[in-house]
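What follows is a single structure, written as structure tokens, with notes after it.
For clarity, every value in this text was computed on a predicted model and none was experimentally measured.
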Amino acid sequence: MTEHRGVTPLRYDQTGLRGRRARVLVEEPTDEIDWPADLPAGIAFVVILDDTPNPHHTLLVCPPDDPERTALVVYDQLALCADTLEE
């Protein structure tokens, strides 16, 4: 994994995530059974739609510019962005 500045790794028991922006830490995000998430190729950021990871350790997310396109992604493939993120 490459170095990601301005991000905070997610914890499996973290709460208060709904509406937060997260950096995708892997090339191809997957769900809990390792199926590719239905997200655009090369996506770097997502918006978290769940408040906390579910029992399967996934979070419902969407691209920042396409809130209708949702996907489940394993929490440890995401990290919270700092408020002053430079893209």
Side-chain angles (χ1 to χ4, degrees):
M1 220 180 279
T2 59
E3 179 183 336
H4 297 282
R5 293 188 177 157
V7 295
T8 302
L10 293 179
R11 296 184 326 267
Y12 73 92
D13 62 347
Q14 195 154 352
T15 61
L17 298 175
R18 185 176 293 119
R20 302 284 307 270
R21 190 170 178 196
R23 177 181 284 277
V24 177
L25 300 176
V26 296
E27 271 188 47
E28 188 173 344
T30 60
D31 66 12
E32 75 274 10
I33 59 171
D34 212 26
W35 282 79
D38 182 24
L39 293 169
I43 191 165
F45 298 97
V46 294
V47 175
I48 301 172
L49 302 175
D50 288 330
D51 187 60
T52 190
N54 67 34
H56 299 287
H57 298 273
T58 58
L59 289 161
L60 188 64
V61 302
C62 69
D65 59 348
D66 190 0
E68 298 299 315
R69 185 175 186 174
T70 61
L72 289 170
V73 175
V74 178
Y75 79 92
D76 64 0
Q77 297 175 11
L78 304 170
L80 290 180
C81 295
D83 292 339
T84 58
L85 178 70
E86 289 184 24
E87 291 185 43

Exercise for review: Begin from the C-alpha positions of Gln77 and Thr30 and carry the test side chain to side chain donor-acceptor pair (under 3.5 Å) through to its verdict.
Suggested key: CA-CA 8 Å; Gln77 297 175 11; Thr30 60; 2.8 Å; yes
Answer yes if [X] and [Y] sit in the same cluster of Ile, Leu, Val, Met, Phe, Trp and Tyr residues linked by side chain heavy atoms under 4.5 Å apart, and no otherwise.
X     : Y     : value
Val24 : Leu72 : no
Tyr12 : Val46 : yes
Leu60 : Val26 : no

**Study point:** side chain to side chain contact (heavy atoms under 4.5 Å, CB included) between Leu10 and Leu80, intermediate numbers included
**Key:** CA-CA 7 Å; Leu10 293 179; Leu80 290 180; 3.5 Å; yes
Find out whether [X] and [Y] are in side-chain contact, i.e. whether some heavy atom of one side chain is under 4.5 Å from a heavy atom of the other.
X     : Y     : value
Cys62 : Ile48 : no
Thr58 : Val73 : no
Val47 : Pro67 : no

Practice item. Start with the C-alpha gap between Arg23 and Leu78, add the side-chain angles, then the distance that decides, and say whether side chain to side chain contact (heavy atoms under 4.5 Å, CB included) holds. Key: CA-CA 6 Å; Arg23 177 181 284 277; Leu78 304 170; over 6 Å; no
Exercise for review: Mind checking side chain to side chain contact (heavy atoms under 4.5 Å, CB included) for Pro36 and listing every partner two or more places apart, or none if nothing turns up?
Suggested key: Glu28
Exercise for review: State which residues pass salt bridge (Lys or Arg N to Asp or Glu O under 4.0 Å) with Arg18; sequence neighbours excluded, sorted by chain then number.
Suggested key: none
Check your understanding: Donor-acceptor pair, Glu32 side chain versus Val74 backbone, under 3.5 Å?
Key -> no
Review point. Does any N or O in the side chain of Asp50 come within less than 3.5 Å of the main-chain N or O of Pro53, such that one atom is a donor and the other an acceptor?
Key: no
Exercise for review: Could you tell me the separation between the CG atom of Leu59 and the CG atom of Leu17, rounded to the nearest 0.5 Å?
Suggested key: 6.0 Å
Point to revise | side chain to side chain contact (heavy atoms under 4.5 Å, CB included) assessment of Val61 paired with Leu39 | key: CA-CA 9 Å; Val61 302; Leu39 293 169; 4.2 Å; yes
